[in-house]
Novice: 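Before I ask anything, here is the structure I am working with.
Remember, it's a predicted structure, so these values are computed and weren't measured experimentally.
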Amino acid sequence: MEKDEKGFYGIGAVEQRTGLSARQIRYYENLGLIKPERTEGGQRRYTERDVLCLLRIKYLKENGFDLKSIKEKIEEFERELSLESLANLSPAELKISSLYPVSNRAILMKLLDKTKDGK
DNA sequence: GTTCTAACA
DNA sequence: TGTTAGAA
């Protein structure tokens, strides 16, 4: 079991490289800790990043962290990433994006534009 | 032969 | 979490 022609790993290869069971690997995916792609047939394809992420999870767990706190850590990290993307917005957009759900921002921005040139 | 989902003597 | 059954 090794990388396929495009650099992806099957779950068997990931088991060997991480020492985690397929059961655990799939379970962690359900918790949202990793998100491997799927083939047309539905088989999971893991990237090198997935493997490294699993190794980190394994390390943290071996050092006393439960899956719940590990999950929170990852979610916190992803929230910070999304916040960084807000750094490219104007002050007005920043206020709007932090107060309203994504689905409404586009509408709000249109209203702001009309307010500006609409006297 | 490997992986998937669902379920549990 | 392990393991197993049946399908893909």
Novice: Is there a Watson-Crick or G-U wobble partner for C:dT1 with both distances under 3.5 Å, and which nucleotide is it?
Specialist: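 Paired with C:dT1, as far as the under-3.5 Å criterion goes, is no nucleotide at all.
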
Novice: Nearest whole angstrom, please: distance from the P of B:dT3 to the CD1 of A:I25.
Specialist: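 One finds 10 Å between P of B:dT3 and CD1 of A:I25, rounded.
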
Novice: Take atom CD in A:E37; do more than 12 heavy atoms of anything else shown fall under 6.0 Å from it?
Specialist: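 No, the 6.0 Å shell around CD holds no more than 12 heavy atoms from other groups.
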
Novice: Looking at A:R38, I'd like to know whether one of its side-chain N or O atoms comes within less than 4.0 Å of OP1 or OP2 on B:dT5.
Specialist: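 Answer yes for this pair, as a side-chain N or O of A:R38 is under 4.0 Å from OP1 or OP2.
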
Novice: Atom OH of A:Y46 to atom P of B:dT3: distance rounded to whole Å?
Specialist: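 The distance from OH of A:Y46 to P of B:dT3 comes to 10 Å, rounded to the nearest Å.
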
Novice: For C:dT1, take OP1 and OP2 only and decide whether either is under 4.0 Å from a side-chain N or O of A:S21.
Specialist: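 Checking A:S21 against C:dT1: no side-chain N or O falls below 4.0 Å of OP1 or OP2.
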
Novice: Roughly, in whole Å, what's the span from CD in A:Q43 to P in B:dC4?
Specialist: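 Nearest whole value for this atom pair: 6 Å.
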
Novice: Over how many whole Å does the gap from A:E29 atom CD to B:dT5 atom P extend?
Specialist: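 Answer to the nearest Å: 8 Å.
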
Novice: Taking CD from A:E37 and P from B:dT3, how many angstroms apart are they, rounded to a whole number?
Specialist: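 My rounded result for the distance is 17 Å.
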
Novice: Check A:I57 against A:I70 and note the closest heavy-atom contact, atom names and distance.
Specialist: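 So the two residues come closest at O-CD1, 3.8 Å.
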
Novice: Any side-chain N or O of A:Q24 less than 4.0 Å from the OP1 or OP2 oxygen of C:dT1?
Specialist: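 For C:dT1, OP1/OP2 do have a side-chain N/O of A:Q24 under 4.0 Å.
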
Novice: Distance check needed: C:dT1 P versus A:L20 CG, whole Å only.
Specialist: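 After rounding, the reported distance stands at 8 Å.
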
Novice: Taking C-beta and beyond as the side chain, do A:R44 and A:R26 meet within less than 4.5 Å on heavy atoms?
Specialist: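 Contact flag for A:R44/A:R26 side chains = yes.
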
Novice: Find the distance between CG (A:L55) and CG (A:L60) and round it off to the nearest 0.5 Å.
Specialist: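 The distance works out to 11.0 Å.
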
Novice: Which atoms form the tightest heavy-atom contact between A:P36 and A:R45, and what is the distance?
Specialist: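 Closest approach of A:P36 to A:R45: CB-O, 3.6 Å.
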
Novice: Starting at atom CZ of A:R45, determine the distance to atom C1' of B:dC4, rounded to an integer number of angstrom.
Specialist: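 That distance rounds to 12 Å.
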
Novice: Looking at A:Y28, I'd like to know whether one of its side-chain N or O atoms comes within less than 4.0 Å of OP1 or OP2 on C:dT1.
Specialist: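 Yes.
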
Novice: Within this structure, what is the CD-to-C1' distance between A:E15 and C:dT3, rounded to whole angstrom?
Specialist: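 From A:E15 CD to C:dT3 C1': 13 Å.
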
Novice: Does A:R44 make a side-chain donor-acceptor contact with the base of B:dT3, cut-off 3.5 Å?
Specialist: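 Looking at the base of B:dT3, it does not pair with any donor or acceptor on the side chain of A:R44 (distance under 3.5 Å).
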
